[in-house]
Amino acid sequence: MKKKLLSRTVIILGFVSFLNDISSEMLIPVMPVYLSSIGYTVLWIGIIEGVAEAVAGISKSYFGSYSDKLQSRMPFVRSGYILSSFAKPMLVLFRNPGWVLFSRTADRFGKGLRTGARDAILSSESEEGNRARVFGFHKSMDTFGAAIGPVIALIYLNYFPGEYIALFWIAFFPAIVGSLLTFLIKEPRVIQVNRQRPSLKESFTYWKESPVQYRKLTVGLLLFTLFNSSDAFLLLKMKEEGLSDQWILMTYVIFNLVSAALSYPAGILADKFGMKKVVITGILIFSCVYIGMSASTELWQFVVLFVAYGIYTAMMAGVSKAWITVTVPQNKTASAIGFLTGASSIVTLVSSSFAGFLWTFQSSSVLFIFASLGALLTVLYFALVVNHPKHPQRANT
């Protein structure tokens, strides 16, 4: 029987991500500003973000593989969201670098714990004609939350400028409500499963058995990740040019609203015209944004660039995940996404650390030009190497 365009499970997971991102995005635009206010340099912020993302990615790979072995999803989803909920306010309990790194890493570990299993659920709840649409809907809900979070932070900082600590505690509440919503999802019982835990090494071996189409796509996405450092650097660029916290947050809200509004339509376009075309267009927009960032000094320029950046994320994030899921068998979806995100996290550690190095010892402009040129190299790779059918068929098991 044909599934609904958006099932009950897809909608609930959308609201879970909506609430979780309200929480996360209350803090993400404030995070670099807060860390800077307590004495952290741009280089240290880059290293912290890189290490946190590396841990998140490695855990995505491990727990994605583990979820596939058990053919069980919801325990990973629930525990991941709960861990991230409690990790957010932990960051402001102490200021020493070890604790800040631990708290930030715990938050990202929770993301790693849940992501592969959650995306496997989304894939299983979709069909060939609406896969990008399902992932686009999820990304849209995720990003609407990401737009509301900074608004809450903006209102709060308008009344309590520079008082960042209480905001981290406020962010706990939508996150824990979202975690509780996961208990409304019932997973079909699996009788025969392999309950042996995978080793860490085993969780990274999916590459050896993966289809050629998946490998080509993964190489392209990893190449792009090498030049795509943390969004914190975009916000720090605005701070460098003298913009207030309020204007930084407002611009970030505009970016998220654009991304949220266009993520679902981007999924429709990808299902209709092909995922490759949408992804390449998104990367080209990214390149234009970063070259623009290298020379921008005025508020209106940053607003225009962040609108374009929202279009890029709408075209890239959900569509690239959907593309991954059509290159592999259904029972290997979490492993495939887990391997990619695990490898991406290691590349992100390098790219964010190197970005902080370039900013500190060269300039912010050098960083953005480097990233822009690297994105163009990625476009060339996708155009010449990666093939994807207009109406892809599900990989056979």
Rounded distance (nearest 0.5 Å) linking atom [atom1] of [X] with atom [atom2] of [Y]:
X	Y	atom1	atom2	answer
Ile185	Thr9	CD1	OG1	5.5 Å
Ile369	Met293	CD1	CE	13.5 Å
Phe173	Leu19	CZ	CG	14.0 Å
Asn20	Ile176	CG	CD1	10.0 Å
Leu299	Met250	CG	CE	10.5 Å
Leu13	Leu122	CG	CG	5.5 Å

How about [X]: does its [atom1] atom have over 12 heavy atoms from other parts shown lying under 6.0 Å from it?
X	atom1	answer
Phe102	CZ	no
Lys277	NZ	no
Phe172	CZ	yes

Going by atom types only, do [X] and [Y] share a side-chain donor-acceptor pair under 3.5 Å?
X	Y	answer
Ser364	Glu240	yes
Tyr312	Asn228	yes
Ser259	Thr313	yes
Glu25	Tyr252	yes

Side-chain touch [X]/[Y], heavy atoms, less than 4.5 angstrom:
X	Y	result
Leu340	Tyr214	yes
Phe306	Leu235	yes
Leu373	Leu377	no
Leu221	Ile324	yes
Tyr164	Leu157	yes
Arg118	His138	yes
Lys276	Trp323	yes

Could you walk me through whether Phe109 and Arg104 pass side chain to side chain contact (heavy atoms under 4.5 Å, CB included), step by step? CA-CA 9 Å; Phe109 182 83; Arg104 185 75 180 118; over 6 Å; no

Which heavy atom of [X] sits nearest a heavy atom of [Y], and at what distance?
X	Y	answer
Met315	Val278	O-CG1, 3.3 Å
Val307	Ile254	CG2-CG2, 3.7 Å
Trp359	Leu367	CE3-CD2, 3.8 Å
Phe137	Gly14	CE2-CA, 4.4 Å
Asp107	Lys88	OD1-NZ, 3.4 Å
Phe302	Lys237	CE2-CG, 3.7 Å

Please say whether the positively charged group of Arg78, taken as NZ for Lys or CZ for Arg, lies over the ring of Phe183, i.e. under 6.0 angstrom from the six-membered ring centre and within 45 degrees of the axis.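 Yes, Arg78 lies over the aromatic ring of Phe183.
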
Does NZ or CZ of Arg114 come closer than 6.0 Å to the centre of the six-membered ring of Tyr81, within 45° of the ring's axis?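 Output yes; distance and angle both within limits.
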
Aromatic centroids of Phe18 and Phe144 separated by under 6.0 Å: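 When the ring centroids of Phe144 and Phe18 are compared, they turn out to be at least 6.0 Å apart.
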
Tell me if the centroids of the rings in Phe382 and Phe224 come within less than 6.0 Å of each other.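 No, too far apart.
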
[Y] reachable from [X] in the ILVMFWY side-chain graph, under 4.5 Å edges:
X	Y	result
Phe286	Val304	no
Leu180	Met141	no
Val386	Val212	no
Trp300	Val258	no
Leu226	Val219	yes

Below 30° counts as parallel, above 60° as perpendicular, anything between as tilted: where do the rings of Phe354 and Phe370 land?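 Phe354 and Phe370: perpendicular rings.
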
In terms of the angle between their ring planes, are Phe368 and Tyr290 parallel, tilted or perpendicular, with boundaries placed at 30° and 60°?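 Geometry flag for Tyr290 against Phe368: perpendicular rings.
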
Residues in side chain to side chain donor-acceptor pair (under 3.5 Å) with Asp119, at least two apart?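 By the side chain to side chain donor-acceptor pair (under 3.5 Å) rule, Asp119 matches Lys321.
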
List in chain and number order the residues that pass side chain to side chain donor-acceptor pair (under 3.5 Å) with Ser103, two or more places apart in sequence or in another chain; answer none if no residue qualifies.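 If we apply the side chain to side chain donor-acceptor pair (under 3.5 Å) test to Ser103, skipping adjacent residues, the hits are Trp99.
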
Looking only at atom types and distance, does a side-chain atom of [X] sit under 3.5 Å from a main-chain N or O of [Y], one as donor and one as acceptor?
X	Y	result
Ser17	Asp142	no
Gln301	Thr297	yes
Ser287	Ser372	yes

Between Ile285 and Met316, is a side chain to side chain contact (heavy atoms under 4.5 Å, CB included) present by the stated rule, with each step listed? CA-CA 10 Å; Ile285 294 171; Met316 187 72 181; over 6 Å; no

So if I apply the side chain to side chain donor-acceptor pair (under 3.5 Å) rule between Ser179 and each of Ser85, Ser23, Ser84, Ser79, which one comes out positive?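 By the side chain to side chain donor-acceptor pair (under 3.5 Å) criterion, Ser179 pairs with just one of Ser85, Ser23, Ser84, Ser79: Ser85.
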
Report the C-alpha separation of Gln362 and Phe357 in whole Å, then their side-chain angles, then the decisive distance to 0.1 Å, and conclude whether the side chain to side chain contact (heavy atoms under 4.5 Å, CB included) test is met. CA-CA 8 Å; Gln362 294 293 322; Phe357 176 85; 6.0 Å; no

